[in-house]
Protein chains: 2
Amino acid sequence: MTLRIPLLLTAEIVPFAICTERLAVLLVQQATTWRLPGGPVGGEEDLDAAARRHLAEQTGLGEIYLEQLYTFGEPNRDSGQRAVAVAYYALVRAGFSLADAVPAIAETRWVAVDDMPVLALDHAAIVTLARRRLAAKLAYSTIALQLMPECFTLSQLQAVHEIILGELLDKRNFRKRILALDCIEATGEMARQYGHRPARLFRAKRPGQVDFIK
Amino acid sequence: MTLRIPLLLTAEIVPFAICTERLAVLLVQQATTWRLPGGPVGGEEDLDAAARRHLAEQTGLGEIYLEQLYTFGEPNRDSGQRAVAVAYYALVRAGFSLADAVPAIAETRWVAVDDMPVLALDHAAIVTLARRRLAAKLAYSTIALQLMPECFTLSQLQAVHEIILGELLDKRNFRKRILALDCIEATGEMARQYGHRPARLFRAKRPGQVDFIK
DNA sequence: ACAAAAGTGTTTTTGTTACACCCATGT
DNA sequence: ACATGGGTGTAACAAAAACACTTTTGT
């Protein structure tokens with residue numbers, strides 16, 4: 001009952017951010033192929049901790065929203081060895097500078113989800129699932145705030161929703177809905193965009209927290 | 001990068017059914033404690049397959065709805081050894097007789113979720129999470145049909161919803177909603193309950209399938 | 001005749017969608 | 001003055017909730 005099979009247990013992370021008006025994933029280059037950041041879970045390491053550690057080591061990202069997605073364990077998902085992957089997705093706030101973070105040890109690149117190269121193993125399937133989950137969660141949680149910088153305008157928040165959902169939203173209805181959720185508050189500051197009226201800046205009321213709606 | 005840590009990977013299953021008007025879980029007795037059915041994943045075995053196999057071996061249940069829930073991997077969840085559990089939940093149709101199934105090799109018992117004994121390891125937390133997921137899924141899928149026998153009355157289906165949600169529902173609104181989903185059809189038969197008017201029997205249009213709503 | 005659950009529509013309330021103009025700023 | 005995105009309310013519609021009586025059977 002306590003037999004231990006030889007297997008490789010890994011944590012793999014899909015780090016999402018909005019880059020240049022598109023939903024993008026941070027990929028890591030390994031030899032000639034691209035893969036998700038991630039790697040083996042340590043012998044005494046928590047799964048979430050392993051995911052955070054690999055993300056930090058390979059990309060410099062830390063202190064971000066992380067959520068377990070699904071565990072992939074088909075016997076043949078990695079040719080040659082038995083590998084089980086606990087997949088996560090992470091949300092990176094726009095404006096977060098990778099340069100601020102510890103220099104990454106691997107070559108990394110933000111790639112738009114609609115324009116992904118061939119990925120290692122079943123990583124493409126992991127990205128697809130993560131994307132579906134993220135889009136679904138927009139409808140019943142305040143998860144989009146995890147993609148926003150500390151201060152943001154309502155138009156920026158709306159754009160994030162539109163990019164993830166892939167459809168345009170009505171400005172007045174969107175604002176009504178978001179403000180009714182009571183999850184953001186005006187800072188009192190104004191965004192100094194030029195060429196038009198300045199926009200009010202908002203911040204999350206509970207920055208780290210994702211609330212459920214209804 | 002390919003180091004293999006010695007660890008025990010298991011699949012654990014929360015088998016739900018409606019028993020005597022309550023939501024119940026099938027537990028397995030091991031020595032003096034109760035635990036969820038489940039056990040080690042084989043070296044060349046798919047995770048889902050391992051879950052189905054252990055469920056069949058330990059309880060005789062087969063051919064039922066099964067869905068991955070979450071993977072638990074805290075280093076200390078099992079004292080002494082590193083154990084990672086991929087948790088599943090399963091739905092057993094009311095009226096399914098365990099006697100029909102292969103004789104179970106372990107002592108098993110259906111226990112109401114509100115009346116659970118102390119369980120091994122973190123199995124209580126797994127049950128709690130599974131229960132939340134099941135209740136949430138009622139709202140946006142036809143998953144409740146997986147708990148019904150082949151033929152059932154609308155009142156029986158309503159009772160299942162009420163038991164899982166823990167609240168009473170309006171009969172007319174419930175029927176309107178369910179019938180609008182176009183997921184069940186009348187068989188033409190009547191249920192011969194005694195002492196009152198017979199009820200029309202229904203069956204699922206797509207028995208194995210769980211549809212999403214909206 | 002009575003008890004017990006089955007069956008059936010309409011009204012009210014709530015939430016969602018559609019929609020157009022003025023405002024503040026930089027050039 | 002004009003170009004640009006910021007900001008605002010209301011009416012129509014759809015969906016959800018509230019609500020009570022008649023029907024069919026067994027005893």
Side-chain angles (χ1 to χ4, degrees), chain A residues 18 20-21 94 135-136 138-142 144 148-149 151-163 165-203 211-214, chain B residues 18 20-21 94 135-136 138-142 144 148-149 151-163 165-203 211-214:
Chain A
I18 305 293
T20 62
E21 318 279 285
L138 271 197
Y140 63 89
S141 79
T142 60
M148 306 305 293
C151 293
F152 52 87
T153 69
L154 290 175
S155 293
Q156 286 165 351
L157 182 57
Q158 180 176 343
V160 167
H161 280 254
E162 289 174 339
I163 289 164
L165 295 175
E167 62 185 5
L168 297 178
L169 301 173
D170 179 89
K171 201 202 308 190
R172 281 174 291 191
N173 292 339
F174 178 80
R175 289 171 180 226
K176 217 183 310 172
R177 214 183 74 218
I178 293 293
L179 294 174
L181 294 180
D182 190 41
C183 60
I184 62 173
E185 61 194 355
T187 63
E189 305 287 301
M190 294 301 222
R192 313 238 200 115
Q193 296 137 98
Y194 296 104
H196 57 88
R197 176 175 177 174
R200 302 170 62 190
L201 284 171
F202 289 78
R203 67 173 148 245
D211 299 320
F212 288 79
I213 298 170
K214 275 196 237 176
Chain B
I18 305 294
T20 62
E21 315 279 287
L138 270 198
Y140 64 88
S141 78
T142 60
M148 306 306 292
C151 292
F152 53 88
T153 70
L154 290 175
S155 294
Q156 286 166 350
L157 182 58
Q158 182 176 341
V160 168
H161 280 254
E162 289 174 338
I163 290 164
L165 295 175
E167 62 184 7
L168 296 178
L169 302 173
D170 179 88
K171 202 205 301 192
R172 282 173 290 191
N173 292 340
F174 178 80
R175 290 172 180 225
K176 219 183 306 171
R177 214 184 74 219
I178 294 293
L179 293 173
L181 294 179
D182 191 40
C183 59
I184 62 172
E185 61 193 356
T187 63
E189 304 287 301
M190 293 303 223
R192 314 238 199 116
Q193 296 136 100
Y194 296 100
H196 60 85
R197 175 172 176 177
R200 299 173 28 155
L201 284 170
F202 288 79
R203 68 173 147 244
D211 299 322
F212 288 80
I213 297 169
K214 277 195 234 171

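Labels below follow one simple rule: chain letters A, B, ... track the order of the sequence lines, proteins then strands, and each chain is numbered from 1.
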Legend entry - Greater than 12 external heavy atoms within 6.0 Å of A:Glu21's CD: no
Inset, instruction - Calculate the interatomic distance between A:Phe174 atom CZ and D:dG7 atom C1'; express it in whole Å. - result: 14 Å
Inset, instruction - Please report, rounded to the nearest Å, how far the C1' atom of C:dG7 is from the CG atom of B:Leu157. - result: 16 Å
Inset, instruction - Return the value, rounded to whole Å, for the distance between atom CD1 of A:Ile178 and atom P of D:dT8. - result: 15 Å
Inset, instruction - Please tell me if the side chains of A:Glu167 and A:Glu162 come closer than 4.5 Å, counting only heavy atoms from C-beta onward. - result: no
Inset, instruction - Return the value, rounded to whole Å, for the distance between atom CG of A:Leu179 and atom P of D:dG7. - result: 10 Å
Legend entry - Considering all heavy atoms, the nearest A:Ala191-A:Thr153 contact: CB-CG2, 3.8 Å
Inset, instruction - If a protein heavy atom is under 4.0 Å from the base, mark B; if only from the sugar-phosphate, S; if neither, -; do that for nucleotides 17-27 of chain C going 5' to 3'. - result: BBBB--BBBS-
Inset, instruction - Indicate whether OP1 or OP2 belonging to D:dG6 is found under 4.0 Å from a side-chain N or O atom of A:Ser155. - result: yes
Inset, instruction - Give, for atom CG of B:Asn173 and atom CD1 of B:Ile178, the distance between the pair rounded to the nearest 0.5 Å. - result: 11.5 Å
Inset, instruction - Would you mind reading off the distance between A:Gln156 atom CD and D:dG6 atom C1', rounded to a whole angstrom? - result: 12 Å
Inset, instruction - Measure the spacing between CG of A:Asp170 and NZ of A:Lys176 and express it to the nearest 0.5 Å. - result: 7.5 Å
Inset, instruction - Report yes or no: does A:Gln158 contribute a side-chain atom to a donor-acceptor pair with the main-chain N or O of A:Arg175 at less than 3.5 Å? - result: no
Legend entry - Between CG on residue A:Leu169 and CG on residue A:Leu157, distance to nearest 0.5 Å: 10.0 Å
Let me check something: any side-chain donor-acceptor pairs from residues 180-188 of chain A under 3.5 Å, sequence neighbours excluded? List them with distances.
residue: A:Asp182; atom: OD1; partner: A:Lys205; partner atom: NZ; Å: 2.4
residue: A:Glu185; atom: OE2; partner: A:Arg203; partner atom: NE; Å: 3.2
residue: A:Thr187; atom: OG1; partner: A:Glu189; partner atom: N; Å: 3.0
residue: A:Thr187; atom: OG1; partner: A:Leu201; partner atom: O; Å: 3.2

Legend entry - Distance, rounded to the nearest Å, where B:Leu169 contributes CG and D:dA16 contributes C1': 13 Å
Inset, instruction - Using atom CZ of A:Arg177 as one end and atom C1' of C:dT16 as the other, report the distance to the nearest whole Å. - result: 10 Å
Legend entry - Residues within residues 185-192 of chain A bordering DNA chain C, heavy-atom distance below 4.0 Å: none
Legend entry - d(CZ, B:Arg175; P, C:dT10) in whole Å: 17 Å
Inset, instruction - To the nearest 0.5 Å, tell me how far A:Ser141 OG sits from A:Asp211 CG. - result: 8.5 Å
